[in-house]
Chemist: 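One structure, pasted below without further comment.
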Protein chains: 2
Amino acid sequence: MAPEPSTERRPARAGNTAVQVRDALRDAILKGEYLPGERLVEAQLCVRMETSRFNVRAALADLAAEGLVEVQRNRGAQVRKVSMAEAVEITEVRMVVEGLIAARAAELVDPDRATELDEIGVLMRRAVEAGEHRRYSDLNQRLHALVREIAGHATADRIVETLRGQIVRHQYMLSLVPGRPETSLPQHERIIAAIRGRDPKAAEAAMREHISSVIEALRAIDYLGS
Amino acid sequence: MAPEPSTERRPARAGNTAVQVRDALRDAILKGEYLPGERLVEAQLCVRMETSRFNVRAALADLAAEGLVEVQRNRGAQVRKVSMAEAVEITEVRMVVEGLIAARAAELVDPDRATELDEIGVLMRRAVEAGEHRRYSDLNQRLHALVREIAGHATADRIVETLRGQIVRHQYMLSLVPGRPETSLPQHERIIAAIRGRDPKAAEAAMREHISSVIEALRAIDYLGS
DNA sequence: AGCTGGGCAATTGTTGACAATAATGGGGGC
DNA sequence: GCCCCCATTATTGTCAACAATTGCCCAGCT
């Protein structure tokens with residue numbers, strides 16, 4: 001009988017473990033509690049996360065590997081500032097990798113998943129017609145996640161997830177662009193249709209076309225913004 | 001990536017820095033001095049790398065993020081064992097990302113680089129005709145590196161480099177397959193021609209066809225091997 | 001006033017020791 | 001003889017203190 005290692009055992013010293021700190025800090029950055037360019041002082045994070053500098057340091061190193069923070073020797077860490085050019089690059093890579101995922105999904109889709117895809121498609125159309133942008137954005141994420149789940153491509157998954165984390169801020173800006181849902185809805189519907197139809201090439205093409213239009217929208221924001 | 005700017009300053013006290021340790025350890029793993037599944041005991045690495053456990057630990061964390069080693073809590077680190085299925089997955093992602101790179105290269109190639117491409121193409125043909133497999137393998141790497149350099153896509157570069165590191169062992173096996181150079185030479189030549197001709201779609205298609213055949217070869221090895 | 005240089009405070013880099021955990025091997029019971 | 005349990009050992013996880021570096025502020029000079 002194994003005693004619960006976490007609840008009973010009082011490690012005498014309080015303090016969250018390195019993994020917890022890493023996840024908490026990632027969430028905080030993704031939520032925008034720390035803005036790009038903001039310095040991440042180790043001592044401050046120690047009190048915020050209720051842990052030791054050792055764990056903070058490990059967490060920062062991990063997030064640096066993920067591309068969320070940037071550490072300079074003897075100068076500390078700061079939230080990485082991704083330029084629009086980088087955001088475009090990242091989205092380009094996402095385009096081709098998600099294309100691969102869509103193709104695999106079209107090969108591996110089963111009736112249950114196909115039904116789920118349809119449901120999301122219907123909900124998306126309703127959300128757009130009702131002008132519920134926030135809801136549409138959530139469904140968008142659910143669709144991409146479901147496609148990835150169907151494909152079951154662990155390597156591609158990991159990469160897409162890492163890349164997505166790096167540009168959450170830009171994606172947020174994107175969702176505010178007026179007319180964006182109306183543009184992307186038919187693209188999403190084509191992706192769903194292609195996967196349902198078990199047509200890998202069409203699914204890849206549809207996904208790439210979709211994300212390609214995301215890139216165009218990003219570039220458009222760039223013009224307006226700066 | 002950018003080389004560490006601080007190479008001049010020697011911190012007086014012995015012991016290599018974390019970055020040096022990371023690079024050295026990566027080289028050692030890639031060279032096969034540590035085999036997949038082999039345990040990487042921190043204390044041993046300390047003496048091997050002439051540094052402190054702190055740096056060893058940081059290096060291991062970095063390499064874990066790169067996918068070269070695997071760390072289990074309280075159980076230490078070991079060289080990651082990539083299954084053939086994973087190697088195929090990794091190469092699939094490489095296929096689409098290098099396809100993107102080839103397309104960009106076709107857009108951005110200049111006369112000087114075009115000449116370099118031609119030179120590599122000529123040397124490759126000679127190497128195959130002379131049966132110099134080792135030389136051909138080197139040229140293969142040079143070709144892919146040059147294409148990436150022409151494309152100048154930092155994000156895609158980083159990903160391809162990371163993925164490549166994870167399957168060096170499998171790639172080595174691949175180079176031993178008889179008849180492999182004869183298969184891949186015309187593929188390489190098509191890639192070069194497409195980039196020279198500034199035809200992005202053709203370049204992407206050629207690159208994907210090439211790496212697709214690499215995947216087939218990997219699968220073939222799998223049958224024979226196990 | 002603007003610039004240069006030195007000292008000071010804030011922050012990070014590093015170390016060694018100690019605690020907690022998993023692996024190992026030996027002794028006793030069946 | 002074989003198996004299980006417990007002590008021992010090897011290894012990793014964590015910490016707090018110390019050393020080194022950077023950037024800043026201000027005095028003094030041109």
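Quick note on labels: first sequence line is chain A, next is B, and so on, each numbered from 1. Note that the structure is a prediction, hence the values are computed from the model and not measured.
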Chemist: Nearest whole angstrom, please: distance from the C1' of C/dA10 to the CG of A/N74.
Modeler: 13 Å
Chemist: Can you tell me if the side-chain N/O atoms of A/R75 get under 4.0 Å from OP1 or OP2 in C/dT12?
Modeler: no
Chemist: Over 60° means perpendicular and under 30° means parallel, so classify the ring planes of A/H188 and A/H144, tilted if in between.
Modeler: perpendicular
Chemist: Round to the nearest Å and state the distance from B/F54 atom CZ to D/dA17 atom C1'.
Modeler: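 Distance, rounded to whole Å: 14 Å.
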Chemist: Look at the side chain of A/R53 and the base of C/dG13, then say whether one donor and one acceptor between them are separated by less than 3.5 Å.
Modeler: yes
Chemist: Nearest-nucleotide wise, let me know which of B/Q44 and B/R73 is further upstream toward the 5' end of DNA chain D.
Modeler: B/Q44
Chemist: Whole angstrom is fine here: how far is it from CG in B/N55 over to C1' in C/dG16?
Modeler: 14 Å
Chemist: Could you tell me how far apart A/R57 (CZ) and D/dA16 (P) are, to the nearest whole angstrom?
Modeler: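 Rounded to whole Å, this separation is 16 Å.
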Chemist: Is it the case that the side chain of B/T51 and the backbone of B/N16 share a donor-acceptor pair, with hydrogens and angles ignored and the cut-off at 3.5 Å?
Modeler: yes
Chemist: Here's a test of your reading of the structure: between A/V41 and B/R39, which maps to the more 5' nucleotide of DNA chain C?
Modeler: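 Looking at the nearest nucleotide for each, A/V41 comes out on the 5' side.
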Chemist: Could you state the atom-to-atom distance from CD of B/E42 to P of C/dA22 in whole Å?
Modeler: 15 Å
Chemist: Is any side-chain nitrogen or oxygen of B/T17 closer than 4.0 Å to OP1 or OP2 of C/dG13?
Modeler: no
Chemist: Output the single nucleotide from C/dT11, D/dC15, C/dT15 whose closest atom is nearest the side chain of B/S52.
Modeler: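 Within the option list, the nearest is C/dT15.
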Chemist: Touch check for A/L40, heavy atoms < 4.0 angstrom, all strands: base, sugar-phosphate only, or nothing?
Modeler: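 Sugar-phosphate contact only - A/L40 comes under 4.0 Å of backbone atoms but never of a base.
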Chemist: Only one of A/V88, A/V82, A/L163 forms a side-chain contact (heavy atoms from CB on, under 4.5 Å) with B/T155, so which one is it?
Modeler: A/L163
Chemist: If every non-hydrogen atom of A/L218 is compared with every non-hydrogen atom of A/A87, which pair is closest and at what distance?
Modeler: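 What the structure gives for the nearest pair is CD1-O, 4.2 Å.
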